[in-house]
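The structure appears right after this line, and notes come after that.
Labels below follow one simple rule: chain letters A, B, ... track the order of the sequence lines, proteins then strands, and each chain is numbered from 1.
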Amino acid sequence: MKKKIAGLVEKSISACVAAGLMAESDLPYIEMEVPANPDHGDFSSNAAMILASRAKQNPRRFAQAIRDHLHDTEGILEKTEIAGPGFLNFFVKDSFWRQSLSDILNSKESYGRLNLGGGRKVQVEFVSANPTGPLHIGHARGAVVGDVLAALLRVAGYHVSREYYINDAGSQMDNLGKSVLYRYRELFGEKTDFPESCYHGGYITEIAREIAQLEADVYLEKNEKDAIAYFNSVASEVIMEGIKKDLRDFGVTFDSYFSEKELYRENGVNDLLTSLRERGFIYSDGGTLWFKTTDYGDEKDRVVIRQNGEPTYFAADIAYHQNKFSRGFETLIDIWGADHHGYIPRLQASIQALGHDKNDLKIILVQLVNLLRAGQPVAMSTRAGEFVTLREVLDEVGKDAARYNFLMRRSDSHLDFDLEVAKKQSNENPVYYVQYAHARICSILRLAAEKGMAKPSCENCDLSLLSGPEEKALMKMMAAYPDMLEGAAKSLEVHRITFYLNELAAVFHSYYNKAKVVTDDAPLSAARLVLVEALRVVLKNALKILGVGAPEKM
RNA sequence: GCGCCUGUAGCUCAGCUGGAUAGAGCACCAGACUACGAAUCUGGGGGCCGUAGGUUCGAAUCCUACCAGGCGCGCCA
């Protein structure tokens with residue numbers, strides 16, 4: 001609807017230009033907003049004001065000209081007003097809002113699907129935690145944001161792939177193996193001086209114990225290097241399995257897992273560096289190789305091969321992103337913890353050196369989570385092995401509540417996550433507000449069925465009976481659902497879906513307390529059943545994108 | 001010191017690419033179940049949009065400086 005009206009305005013402006021009333025316009029798009037105040041219409045545009053200010057003309061005169069040249073061929077508009085300094089306010093005929101109800105009932109679960117992406121291949125890479133320990137609460141937020149963003153883009157018509165990058169090649173992996181080895185030795189009574197830099201969590205000891213049970217003390221004799229290599233491969237595998245299971249139970253699944261080791265196995269890192277060197281992006285200085293990231297705005301050049309001959313993490317990451325592009329993805333989206341923001345310029349620089357546009361790689365920063373229990377901060381330290389794991393959160397508050405809580409803020413805004421509030425089944429917890437709306441509607445529909453009423457259908461149903469303010473508001477909000485999704489997809493902001501749901505549920509709850517759906521008035525009941533059935537569909541579709549359940553009973 | 005993010009009601013936060021009278025939830029106060037589910041609803045108080053300038057028809061939104069908090073500034077990942 002929004003687009004239709006914007007289209008009308010666009011054509012009208014062209015007509016005005018043709019009629020010599022305006023100079024050539026170069027508006028990139030027609031801004032069309034839904035005014036907060038219903039007196040200002042269903043949609044409002046400031047196009048006349050923008051054009052007039054560029055032409056140094058009277059905005060109201062421009063607005064008049066646009067209105068005069070409007071050709072409402074479909075008869076969408078009830079009226080068009082010029083208001084204030086030069087706003088064009090559009091009032092849509094009620095019949096067009098009712099039309100969206102039958103759209104929804106016909107499209108069902110595909111209502112809201114867009115063709116924004118045109119099938120373009122997009123990859124969303126997220127979580128990507130090192131397999132050195134279980135996922136904790138901090139990872140959970142990134143997991144949900146990535147998962148929902150992928151789902152959103154899929155609905156918006158992109159071909160989306162979810163990927164987890166396993167950092168299994170760096171020095172922290174040696175630390176992991178070493179940590180297990182030390183615990184293993186302890187199990188056989190050796191005294192060790194457990195290093196500060198190693199992982200202290202209890203899970204390390206458990207892995208050591210498993211190895212000890214299966215293979216006894218054979219690794220006490222072997223040389224340390226081999227033992228560490230073996231221990232870290234066992235440990236990372238065990239831990240990775242745990243991570244996958246936790247994510248699955250959190251409703252997060254991936255299409256692929258990409259191992260950093262893989263890059264080295266295929267010699268990808270060296271090949272890439274060679275080709276970059278040939279093209280002059282890499283130079284040697286002081287026994288190390290440097291990437292000229294300053295060519296693309298980074299504040300200093302970055303090392304790719306260390307003095308000891310080992311490639312840096314950055315080197316592998318360039319190769320990894322190159323690999324992503326070579327797999328045919330046109331847009332890459334990386335989801336990172338906000339503490340990695342300093343890394344953005346060099347990675348952006350590197351993909352540009354590889355010949356891609358800066359915008360082909362979008363990085364979404366997710367701020368860290370501030371974990372609370374009943375208002376009191378919960379201390380966490382990964383090194384010391386003191387952290388609240390994702391598993392514990394899942395067990396304590398449940399998947400739906402946890403996910404919803406992570407989606408209630410813009411991702412680059414700090415988030416307080418209070419375990420006590422999140423598990424409360426009360427009005428302090430917004431998940432239930434929306435789920436309750438869905439369950440209530442299902443309850444109404446069950447009752448209607450019990451009473452032998454026909455299933456909601458737009459056939460032989462007088463939808464013009466839906467004339468109350470809440471009914472109109474609900475129809476308009478549901479009609480705006482695709483616009484909301486489009487905005488969220490374009491801006492990559494998943495929290496918009498949550499806010500939309502809260503608003504929609506609020507209007508419904510208010511309506512529910514005012515009006516009865518199932519009554520003795522058969523035509524009115526039929527119309528209202530159509531309305532709530534449409535609502536049920538929209539709620540369910542949106543919740544599905546969020547990966548949050550839409551229960552029929554609670 | 002330099003860079004990035006944040007600063008909006010008592011608390012937690014929305015506010016879409018600059019628009020019309022700045023919103024929501026929680027908390028607080030007062031009300032609503034013989035009505036399809038009260039995990040709900042109705043009403044109320046509450047604001048120098050961090051501060052000061054600037055841009056313009058118009059600024060919470062854009063620019064500059066400053067203040068406060070967070071994060072980053074490695075041949076770690």
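Residue side chain A:Asn89 reaches the base of B:A20 through a donor-acceptor N/O pair under 3.5 Å, judged by distance alone. Side-chain atoms of A:His341 and base atoms of B:C71 include a donor and an acceptor less than 3.5 Å apart.
One finds no side-chain N or O of A:Ser510 lying less than 4.0 angstrom from the OP1 or OP2 phosphate oxygen of B:U40. One finds no side-chain N or O of A:His340 lying less than 4.0 angstrom from the OP1 or OP2 phosphate oxygen of B:C5.
Listed candidates were B:C4, B:A77, B:A14. Nearest to the side chain of A:Arg346 is B:A77. When each of B:C4, B:A77, B:G15 is scored by its nearest atom to the side-chain atoms of A:Tyr313, the top-ranked nucleotide is B:A77. The A:Lys516 side chain lies nearest to B:C36 when the options are B:C75, B:U21, B:C36. Of the candidates B:C75, B:A77, B:A14, B:A14 carries the atom nearest the A:His495 side chain, counting heavy atoms from C-beta on. Candidate nucleotides B:G19, B:G15, B:C36 were compared by shortest atom distance to the side chain of A:Glu493, and B:G15 ranks first. Listed candidates were B:U6, B:G19, B:G3. Nearest to the side chain of A:Ile50 is B:G19.
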Scan nucleotides 43-46 of chain B against the protein and return all N/O pairs shorter than 3.5 Å with their distances rounded to 0.1 Å.
none

Restricting both atoms to N or O, compile the protein contacts to nucleotides 8-13 of chain B shorter than 3.5 Å, with distance only.
{"residue": "B:U12", "atom": "O2'", "partner": "A:Arg409", "partner atom": "NE", "Å": "3.4"}
{"residue": "B:U12", "atom": "O2'", "partner": "A:Arg409", "partner atom": "NH2", "Å": "2.3"}
{"residue": "B:C13", "atom": "OP1", "partner": "A:His414", "partner atom": "O", "Å": "2.9"}
{"residue": "B:C13", "atom": "O5'", "partner": "A:Arg409", "partner atom": "NE", "Å": "3.2"}

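In terms of modelled atom types and a separation under 3.5 Å, the side chain of A:Arg306 and the main chain of A:Pro311 share a donor-acceptor contact. Without hydrogens or angle criteria, A:Asn323 side chain to A:Ala319 main chain gives no donor-acceptor distance under 3.5 Å.
Using a 4.0 Å heavy-atom criterion, one finds that A:Glu503 contacts no nucleic acid atom at all. Among the heavy atoms of the strands lying under 4.0 Å from A:Asn46 is at least one base atom, whether or not backbone atoms are also near. Using a 4.0 Å heavy-atom cutoff across all strands shown, A:Met49 reaches at least one base atom of the nucleic acid. If you check every strand for non-hydrogen atoms under 4.0 Å, A:Ser171 touches sugar and phosphate atoms only. Residue contacts shown for A:Gln172 are limited to sugar-phosphate atoms, with no base heavy atom under 4.0 Å away. Contact annotation for A:Pro85: base contact, defined as any heavy-atom pair under 4.0 Å involving a base atom. As judged by a 4.0 angstrom heavy-atom cut-off over every strand, A:Lys553 is placed among the base-contacting residues. When heavy atoms are screened at a 4.0 angstrom cut-off, A:His509 is found touching the sugar-phosphate backbone but no base atom. Contact annotation for A:Ala515: base contact, defined as any heavy-atom pair under 4.0 Å involving a base atom. Note on A:Asn37: a base of the nucleic acid sits closer than 4.0 angstrom, heavy atoms only.
Shown here are the ring-ring contact (aromatic ring centres under 6.0 Å, His included) partners of A:Phe406, two or more places apart in sequence or in another chain: A:Phe417. By the ring-ring contact (aromatic ring centres under 6.0 Å, His included) test, A:Tyr404 is found to be paired with no residue, residues two or more places apart in sequence or in another chain being considered. Qualifying salt bridge (charged side-chain N to carboxylate O under 4.0 Å, His left out) partners for A:Glu470, counting only residues two or more places apart in sequence or in other chains: A:Lys514. Shown here are the ring-ring contact (aromatic ring centres under 6.0 Å, His included) partners of A:Tyr164, two or more places apart in sequence or in another chain: A:Phe254, A:Tyr257. Qualifying ring-ring contact (aromatic ring centres under 6.0 Å, His included) partners for A:Tyr433, counting only residues two or more places apart in sequence or in other chains: A:His509. For the salt bridge (charged side-chain N to carboxylate O under 4.0 Å, His left out) test, residues two or more places apart in sequence or in another chain that qualify with A:Lys79 are A:Glu81.
Remark: A:Arg346 is not positioned above the aromatic ring of A:Phe291, lacking an NZ or CZ atom under 6.0 angstrom from the ring centre and at most 45 degrees off the axis.
Where stacking is scored as ring centres under 5.5 Å apart with planes under 30°, A:His40 registers as stacked on the base of B:A20.
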Quick one: the dot-bracket string of RNA chain B, using Watson-Crick and G-U wobble pairs with both distances under 3.5 Å, [ ] for crossing pairs and | for bases paired to another strand.
-> (((((((..((((.....[...)))).(((((.......))))).....(((((..]....))))))))))))....

Donor-acceptor pairs are to be reported for all side-chain atoms of residues 497-508 of chain A against protein atoms at under 3.5 Å, with residues two or more places apart or in another chain.
{"residue": "A:Thr498", "atom": "OG1", "partner": "A:Leu407", "partner atom": "O", "Å": "2.9"}
{"residue": "A:Tyr500", "atom": "OH", "partner": "A:Met477", "partner atom": "O", "Å": "2.7"}
{"residue": "A:Asn502", "atom": "ND2", "partner": "A:Thr498", "partner atom": "O", "Å": "3.3"}

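Residue-to-nucleotide proximity on RNA chain B shows that, of A:Trp290 and A:Val34, the 5′-proximal contact is made by A:Val34. Both A:Glu299 and A:Leu88 sit near RNA chain B, but only A:Leu88 has its closest nucleotide nearer the 5' end.
Within a heavy-atom distance below 4.0 Å of RNA chain B, the residues of residues 432-450 of chain A found are A:Tyr432, A:Tyr433, A:Tyr436, A:Ala439, A:Arg440, A:Ser443, A:Ile444, A:Leu447.
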Take A:Trp336 and A:Tyr343 through the test ring pair (Phe, Tyr, Trp, His ring centres under 6.0 Å) and record every step on the way to the result.
-> CA-CA 10 Å; A:Trp336 296 352; A:Tyr343 192 74; 5.5 Å; yes

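Because its glycosidic torsion is more than 90° from 0, B:C16 is reported here as anti.
In this structure the side chain of A:Phe314 reaches within 4.5 angstrom of the side chain of A:Val304, judged on heavy atoms.
Across the C1' atoms, B:A22 and B:A14 are found 11 Å apart, a figure rounded to whole Å.
For residues 477-489 of chain A, the side-chain hydrogen bond (donor to acceptor under 3.5 Å, both in side chains) pairs, not counting sequence neighbours, are A:Lys3-A:Glu486, A:Glu486-A:Lys490.
With A:Arg409 as the fixed residue, the side chain to side chain contact (heavy atoms under 4.5 Å, CB included) test singles out one of A:Arg141, A:His495, A:Gln367, A:His414: A:Arg141.
Using a 4.0 Å cut-off between charged side-chain N and carboxylate O, A:Arg302 and A:Asp298 make a salt bridge.
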